[in-house]
Amino acid sequence: MIRLYLIRHGETEWNTVKRFQGWTDIELSSRGIEQARLLSERFRNIKLDEIYSSPLKRAVKTAEPIAEKKDLELKTSEYFKEINFGIWEGKTRDELSALYGAEFDDFLIHPEAHTFPGDGSFDAVTERIKKGLNMVLDGKDNISVAIVSHGGIIRLIVKYLLDIEGEWYNKTWIDNTSITLLELKKGGNLLRVLNDSSHIPDNGII
């Protein structure tokens, strides 16, 4: 069995105003830095053998405290970068709705059914994710691995590993520094934890 911990990066200033980030390399906010510290404390007594991260600064700065606490080498991979939204990046949802109207509004409701700038489609992003997961997981067993990435990527990883059909992306949410845990087994993969941010005292959920 492989335990796979999927972790979203800490908060950025762009997160607070719902600005599309994608591949734009935004730093953590002061709150995001504190979230990363609390997240590393959460992992104090959790077994980890390897940790990987998107190379974008907001993910790396979230992963570094965990790697330091667990005395692990942090490995970065382009495969786990956020969805690339091209010319949409830097704009808010309201700004994009004003620019593109019903076409963009329908993308927000049914993103799996639409193409978009940058990566182009969720199918294309999933192909990238598959390469990253093969790199990390192939030939391994009885190991615990963390991947620090982005909300969109984590949702697509879960959809792929659980072989979820149809629209899934908008049926869940991934909060900043939340933990999603999957157990990957020969008999089938199992979702054990989804979007757990209980290490953040003011997360407004738990």
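Side-chain atoms are counted along with the backbone in the values below, which use heavy atoms only and exclude waters and symmetry mates. In this chain, numbering begins with 1 at the start of the sequence shown.
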Worksheet item: Parallel under 30°, tilted from 30 to 60°, perpendicular over 60°: which one fits the rings of Phe20 and Trp88?
Response: perpendicular

Worksheet item: Should the pair Phe116 and Phe122 be assigned to parallel (<30°), tilted (30 to 60°) or perpendicular (>60°) ring geometry?
Response: perpendicular

Measuring from atom [atom1] of [X] to atom [atom2] of [Y], what distance do you get when rounded to the nearest 0.5 angstrom?
X: Ile26; Y: Thr12; atom1: CD1; atom2: OG1; value: 6.5 Å
X: Thr172; Y: Ile154; atom1: OG1; atom2: CD1; value: 10.5 Å
X: Asp105; Y: Arg93; atom1: CG; atom2: CZ; value: 11.0 Å
X: Ser198; Y: Leu38; atom1: OG; atom2: CG; value: 11.0 Å
X: Leu191; Y: Ile164; atom1: CG; atom2: CD1; value: 7.5 Å
X: Ile109; Y: Asn170; atom1: CD1; atom2: CG; value: 8.5 Å

With distance as the sole test, does [X] use its side chain to make a donor-acceptor pair with the main-chain N or O of [Y] at under 3.5 Å?
X: Gln35; Y: Ile200; result: no
X: Asn189; Y: Leu161; result: yes
X: Trp168; Y: Arg155; result: yes
X: His9; Y: Leu28; result: no
X: Asp175; Y: Asn195; result: no
X: Glu89; Y: Trp23; result: yes
X: Asp119; Y: Ile83; result: no
X: Thr62; Y: Gly10; result: yes

Side chains of [X] and [Y]: does their closest heavy-atom pair fall under 4.5 Å?
X: Arg31; Y: Asn176; result: no
X: Ile174; Y: Leu194; result: yes
X: Glu50; Y: Lys140; result: yes
X: Arg37; Y: Pro65; result: no
X: Arg3; Y: Leu181; result: yes

Is the shortest side-chain N to carboxylate O distance from [X] to [Y] below 4.0 Å?
X: Asp196; Y: Arg42; answer: yes
X: Glu127; Y: Lys130; answer: yes
X: Glu82; Y: Arg58; answer: no

Of all the heavy-atom pairs spanning [X] and [Y], show the shortest one and how long it is.
X: Ile2; Y: Asp141; value: CG1-CA, 4.2 Å
X: Lys47; Y: Ser144; value: O-CB, 3.3 Å
X: Ala67; Y: Leu74; value: CB-CB, 4.1 Å
X: Lys81; Y: Pro55; value: CG-CD, 3.4 Å
X: Ala59; Y: Val148; value: O-CG1, 3.5 Å

Identify whether [X] and [Y] are in the same connected component of the hydrophobic contact network (ILVMFWY, side-chain heavy atoms under 4.5 Å).
X: Leu6; Y: Phe80; value: yes
X: Phe104; Y: Tyr169; value: yes
X: Leu162; Y: Tyr160; value: yes
X: Leu190; Y: Leu137; value: no
X: Leu184; Y: Ile46; value: no

Looking at [X], I'd like to know if its [atom1] atom is crowded, meaning that more than 12 non-hydrogen atoms belonging to other residues, nucleotides or ligands lie closer than 6.0 Å.
X: Lys186; atom1: NZ; result: no
X: Lys131; atom1: NZ; result: no
X: Glu183; atom1: CD; result: yes
X: Lys61; atom1: NZ; result: no
X: Lys18; atom1: NZ; result: no

Item to complete: Please assess Asn15 against Arg8 for the test side-chain contact (heavy atoms from CB on, under 4.5 Å), listing each intermediate value before the final yes or no.
Response: CA-CA 12 Å; Asn15 286 149; Arg8 187 185 175 196; 3.3 Å; yes

Worksheet item: After noting the C-alpha distance and the side-chain angles of Glu165 and Asp163, does the key distance pass the side-chain contact (heavy atoms from CB on, under 4.5 Å) rule?
Response: CA-CA 6 Å; Glu165 296 291 338; Asp163 196 24; 3.8 Å; yes

Worksheet entry | Worked check of side-chain contact (heavy atoms from CB on, under 4.5 Å) between Tyr5 and Phe43 | CA-CA 11 Å; Tyr5 293 90; Phe43 273 89; 4.1 Å; yes

Worksheet, complete the sentence: Checking Ile66, Ile147, Val145 against Ile51 for side chain to side chain contact (heavy atoms under 4.5 Å, CB included), the one that qualifies is Ile66

Fill in: Ring center gap for Tyr79 and Tyr52 short of 6.0 angstrom
no

Worksheet item: What residue pairs, at least two apart or across chains, pass side-chain hydrogen bond (donor to acceptor under 3.5 Å, both in side chains) with a residue in residues 67-77?
Response: Glu41-Lys69

